[in-house]
Peer 1: 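Please find one structure pasted underneath; my questions will follow.
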2 protein chains.
Amino acid sequence: MSAKNTRDRIVETADRLFYEKGFEYISVGDIADAVEITRGNLTFHFKTRDDVLEAVIERRMGRTRDMLAQWEKEGCTAAERIGSFINILIMNRTKILLHGCPVGTLCTELAKLEHAALTNANRIFSLFRDWLKSQFEQLGCGGESKAHAMHLLAWSQGTATLAQAFRDETFIRAEVSRVQAWLAGLGKQGTRRRKR
Amino acid sequence: MSAKNTRDRIVETADRLFYEKGFEYISVGDIADAVEITRGNLTFHFKTRDDVLEAVIERRMGRTRDMLAQWEKEGCTAAERIGSFINILIMNRTKILLHGCPVGTLCTELAKLEHAALTNANRIFSLFRDWLKSQFEQLGCGGESKAHAMHLLAWSQGTATLAQAFRDETFIRAEVSRVQAWLAGLGKQGTRRRKR
DNA sequence: GTCTATAGTATGATAGAC
DNA sequence: GTCTATCATACTATAGAC
């Protein structure tokens with residue numbers, strides 16, 4: 001941490017704070033305090049709070065790309081790779097119970113504020129959507145691939161929202177099982193169709 | 001509007017503003033301005049901003065109870081009544097595209113802020129969940145009724161979140177069709193089971 | 001690259017006149 | 001029940017010393 005330069009530490013810390021408490025709740029002073037620098041120093045790196053937000057979104061875009069590339073490398077089949085997406089709900093369950101989905105909660109907040117950065121934040125959703133669409137195509141879902149991708153993305157959002165509201169980890173596990181069964185059904189269907 | 005007393009006008013206006021812009025973004029001054037009263041007058045009715053929030057949640061609880069009672073009166077079968085729930089996504093689509101789900105977005109925000117009112121806000125979710133559970137039981141879903149209720153609630157949240165982020169009305173309609181097909185399948189299953 | 005000092009504004013909340 | 005006046009605090013953002 002101390003080896004990194006101040007700019008990176010600001011973005012990293014702001015990313016965490018925006019996620020945990022929401023963009024509107026976190027002031028420039030909160031970020032500076034957490035990084036243990038002064039507000040003046042923070043302003044040297046980012047002129048406004050919105051500039052920090054842009055950098056945070058950029059960071060999240062990059063990390064999402066890395067994660068998708070990793071799944072691409074690890075999963076042998078499309079079903080396995082989609083399974084990696086489903087499993088982030090389990091992997092990140094502790095944080096989701098407390099703060100929800102980082103992408104979903106940010107987009108919701110920015111949409112309410114009619115904030116210009118919503119367009120950029122949405123690109124993270126689009127990254128997932130396009131990647132999932134490609135996986136469903138490989139699974140043999142054809143023209144339904146985009147709808148399936150959106151459906152799965154929506155599923156992850158709804159599950160995160162209710163899990164956070166009710167602070168219920170059991171619910172996450174139940175929903176993951178349910179959607180994995182749905183995916184298994186789709187896989188068979190896809191296989192059947194290709195054999196015809 | 002002008003016939004109503006000031007207190008009611010404050011709660012009604014705050015309800016709308018909190019929904020449209022988020023609780024954290026709306027100040028006491030914003031509410032007073034919108035109601036066209038002074039801050040001092042607002043403070044006479046509600047000592048703190050949190051007190052306004054409590055009243056808003058209470059109002060939403062009441063309106064939700066009324067809506068569920070209405071659906072209970074209108075729908076002849078359990079499937080029809082569950083259909084009424086699904087249809088709110090269509091009914092409220094314009095507002096959902098702009099501001100998301102009023103219950104979901106409030107609970108998400110309060111959870112992030114670790115706000116004491118989260119418990120009360122969650123009760124609105126619980127109203128829906130318990131009502132849906134009862135409907136699924138009447139549909140013959142037995143022990144799966146609660147899981148189905150939570151699944152449907154999560155579906156509504158995920159659909160609202162993505163529809164808001166992408167400002168995509170077509171997506172809402174596609175998801176409504178999809179979940180209605182799921183519901184129709186469940187209804188048949190339930191009927192079969194009862195006939196055994 | 002980091003700091004202090006400060007301007008200007010908005011906030012939540014209170015006291016007291018009418 | 002409604003208003004004005006006011007306090008103490010917190011905010012974003014800027015200017016300029018080191």
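Chain letters run A, B, ... following the sequence lines, proteins first and then strands; every chain starts at 1.
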Peer 1: Can you list every ring pair (Phe, Tyr, Trp, His ring centres under 6.0 Å) pair that touches residues 33-89 of chain A, not counting sequence neighbours?
Peer 2: A:W71-A:W131, A:F85-A:F128

Peer 1: Determine which pairs satisfy side chain to side chain donor-acceptor pair (under 3.5 Å) with at least one residue from residues 87-104 of chain A, sequence neighbours left out, and list them in order.
Peer 2: A:R93-A:E169

Peer 1: Working to the nearest 0.5 angstrom, can you tell me the gap between B:I26 CD1 and B:L17 CG?
Peer 2: 4.5 Å

Peer 1: Measure the spacing between NE2 of A:H115 and SG of A:C107 and express it to the nearest 0.5 Å.
Peer 2: 12.5 Å

Peer 1: Would you give me the side-chain donor-acceptor pairs under 3.5 Å for residues 73-80 of chain A, sequence neighbours excluded?
Peer 2:
{"unit_1": "A:E74", "atom_1": "OE2", "unit_2": "A:Q70", "atom_2": "NE2", "d": "2.8"}
{"unit_1": "A:T77", "atom_1": "OG1", "unit_2": "A:E80", "atom_2": "N", "d": "3.0"}
{"unit_1": "A:E80", "atom_1": "OE1", "unit_2": "A:C76", "atom_2": "N", "d": "3.1"}

Peer 1: OP1 or OP2 of C:dT11 versus the side-chain N and O atoms of B:R39: is any pair under 4.0 Å?
Peer 2: yes

Peer 1: If you take any heavy atom closer than 4.0 Å to DNA chain D, which residues from residues 41-50 of chain A end up in contact?
Peer 2: A:T43, A:K47, A:T48, A:R49

Peer 1: Tell me: CD of B:E24 to P of C:dA10, nearest whole Å?
Peer 2: 17 Å

Peer 1: Do A:L118 and B:L98 sit in the same hydrophobic cluster, where Ile, Leu, Val, Met, Phe, Trp and Tyr count as joined when their side-chain heavy atoms come under 4.5 Å apart?
Peer 2: no

Peer 1: Base, sugar-phosphate, or nothing for A:S27, non-hydrogen atoms under 4.0 angstrom?
Peer 2: sugar-phosphate

Peer 1: Assess whether atom NZ of A:K21 is packed by more than 12 heavy atoms of other residues, nucleotides or ligands within 6.0 Å.
Peer 2: yes

Peer 1: With no hydrogens and no angle check, just 3.5 Å: does a side-chain donor-acceptor pair link B:Q138 and B:S134?
Peer 2: yes

Peer 1: In Å, rounded to the nearest 0.5 Å, how long is the span from CD of B:E58 to CG of B:D15?
Peer 2: 12.0 Å

Peer 1: Please figure out whether A:G40 or A:Y25 has its closest DNA chain D nucleotide nearer the 5' end.
Peer 2: A:Y25

Peer 1: Tell me if the aromatic rings of A:W155 and A:H148 count as close, with their centers under 6.0 Å from one another.
Peer 2: no

Peer 1: Give the residues of residues 112-120 of chain A touching DNA chain C, defined as any heavy atom closer than 4.0 Å, sorted by residue number.
Peer 2: none

Peer 1: When you list every nucleotide of DNA chain D with an atom under 4.0 Å from a heavy atom of chain A, which one comes first 5' to 3', and which comes last?
Peer 2: D:dC11 to D:dT14

